[in-house]
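If you're wondering where the values come from, they're calculated on a predicted model, not measured in any experiment. Just so you know, ligand 1 is whichever comes first in the structure, and atom 1 is the first atom listed for that ligand.
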Amino acid sequence: MDFSLTPSQEQVRSQARAFAQERVAPMAREMDERGAMPLALIQEMADLGFLGGPLPKEFGGGGWDAVSLALCYEELGRADSSVRGFMTVHTSLVSQCILQWGNEAQKREYLPRLTCGQMIGCYCLTEPNAGSDAASMETTATLDGDQYVLNGEKIWITSGNIAHLAIVFANAEPKLKHKGICAFLVATDTPGFRREKMRGKELGHRASDHAHVVFENMRVPKSALLGAAGDGFKVAMSALDHGRLGVAAGALGVAQACLDASIEFAKTRRQFGQRIGNFEMIQSTLADMAAGVDGARMLVYRAAWLKDQGVKVTRDVSIAKLFAAETAAQAASDAVLLHGGRGYSNEYPVERYYRDIKGLQIYEGTAHIQRIVIARELLGRE
Ligand SMILES: Cc1cc2nc3c(=O)[nH]c(=O)nc-3n(C[C@H](O)[C@H](O)[C@H](O)COP(=O)(O)OP(=O)(O)OC[C@H]3O[C@@H](n4cnc5c(N)ncnc54)[C@H](O)[C@@H]3O)c2cc1C
């Protein structure tokens, strides 16, 4: 067993680390307070080759393997979950999904533009009455000649207000349940595509854009189908296999950031005439955090490595996402406590990690849903 990284994986990691620490981390607090990330930062990610990292070179991508992509997400997640979340949606849920399911014309039309940052992508699955149970979606697609007419609404759509391209899921034959679902590639300036900011202020991921999207008699040509009619549910789930690995790697980054911040604080904060790191309870917290980070890293890298071997990774990715997000949530909670009153203020980044990590436990399948996926693989269906 070889745990070392290849030179090209090392290179991706060091480039992502430099960008995350030098460009993203210094502005993370301001982005969180302002509730947005600069479009220029997205363009920088495109220029560095991150947005197209895992795409083949013929589409302007970097030809990265899954391990490299996970390393990039880990480093971004270590600095800021909104920025990492943006890239996971854009690159894994949208671009990798088009690469897997798109026909030649669709790949040529969209992938180079998504890669260079000319287009931003979003993924429209969740609805007010269909979250974990995505198959029960109520958005309909009615065939009318050589067009589909879409009606319905989506919520919590990351980048939905800034995106140029949306993968939209709608049911063309509700009687067939999930077998009636279709995936469509939709330009967001299509008449009938309406979007607005989600109501309320998010707990975390405050620099992300979250949209409420409404389709009102939105007409799209048959050629906008991504995959065949009725393949939509498979398209949605396969995209989540890509995206969940990104969330798992991002959670690993959050856990690492909590550990880094806590070590630094334990070495410098003094009480009772000594550094707090001398107290056994603080040492125990740090040791547990370090063990969790190592465990999460093994699971995330293993899932990525298995993906690179061409193995079906649904179970491994769910295990990695579940473990990494739960580990990071515990680490963030412990990190806030370890920082005392300072951990309760945005003067230190741990309170942002604490707020952001709840999102990673929820999106792309909640922790409950990951347990269902894992248990189904263990027990089979009856
Ligand atoms: C920051 C953020 C970004 C997001 N970005 C996107 C995006 O870009 N695109 C998109 O389509 N969606 C997005 N979402 C939506 C997200 O995927 C959903 O919120 C998530 O799938 C859960 O659905 P729900 O909110 O409807 O919760 P529900 O499905 O209503 O779940 C409520 C609770 O019930 C539990 N539950 C549900 N079913 C079961 C079951 N069978 N067994 C046990 N427990 C169960 C859940 O785990 C949860 O605890 C985003 C959400 C957030 C918070």
Check your understanding: Is R29 paired with D32 through a side-chain N to carboxylate O contact shorter than 4.0 Å?
Key -> no

Study note, to complete from the structure: The answer for which part of I372 has a heavy atom under 4.0 Å from ligand 1 is side chain

Review point. Out of L360, T126, V94, whose heavy atom is nearest to atom 18 (C) of ligand 1?
Key: T126

Review point. Going by atom types alone, do H339 and Y344 pair a side-chain donor with an acceptor below 3.5 Å?
Key: no

Review point. If you measure from the Lys or Arg side-chain nitrogens to the Asp or Glu carboxylate oxygens, is any gap between E127 and K154 under 4.0 Å?
Key: yes

Point to revise | Within 6.0 angstrom of E58 CD, more than 12 heavy atoms from elsewhere | key: yes

Review point. Looking at L125, which atoms of ligand 1 are within less than 4.0 Å of one of its heavy atoms?
Key: 11 (O)

**Study point:** Heavy atom of S132, distance to ligand 1 below 4.0 Å
**Key:** yes

Exercise for review: Could you tell me whether Y363 and ligand 1 have an N or O pair separated by under 3.5 Å?
Suggested key: no

Review point. Ligand 1 and H210, any nitrogen or oxygen pair closer than 3.5 angstrom?
Key: no

Practice item. Using modelled atom types only, decide if a donor and an acceptor are shared between the side chain of D308 and the backbone of D65 within a distance under 3.5 Å. Key: no

Revision key, fill the gap. If you compare E202, H368, E364 by their heavy atoms, the one closest to atom 48 (C) of ligand 1 turns out to be H368

Check your understanding: Is the shortest side-chain N to carboxylate O distance from E216 to R194 below 4.0 Å?
Key -> yes

Check your understanding: Given F86, Y123, W156, which one has a non-hydrogen atom that is nearest to atom 14 (N) of ligand 1?
Key -> W156

Check your understanding: Please state which protein non-hydrogen atom is closest to atom 19 (O) of ligand 1 and give its distance, to 0.1 Å?
Key -> I362 CG2, 3.8 Å

Review point. So, the side chain of S136 versus the backbone of D133: is there a donor-acceptor pair under 3.5 Å, distance only?
Key: yes

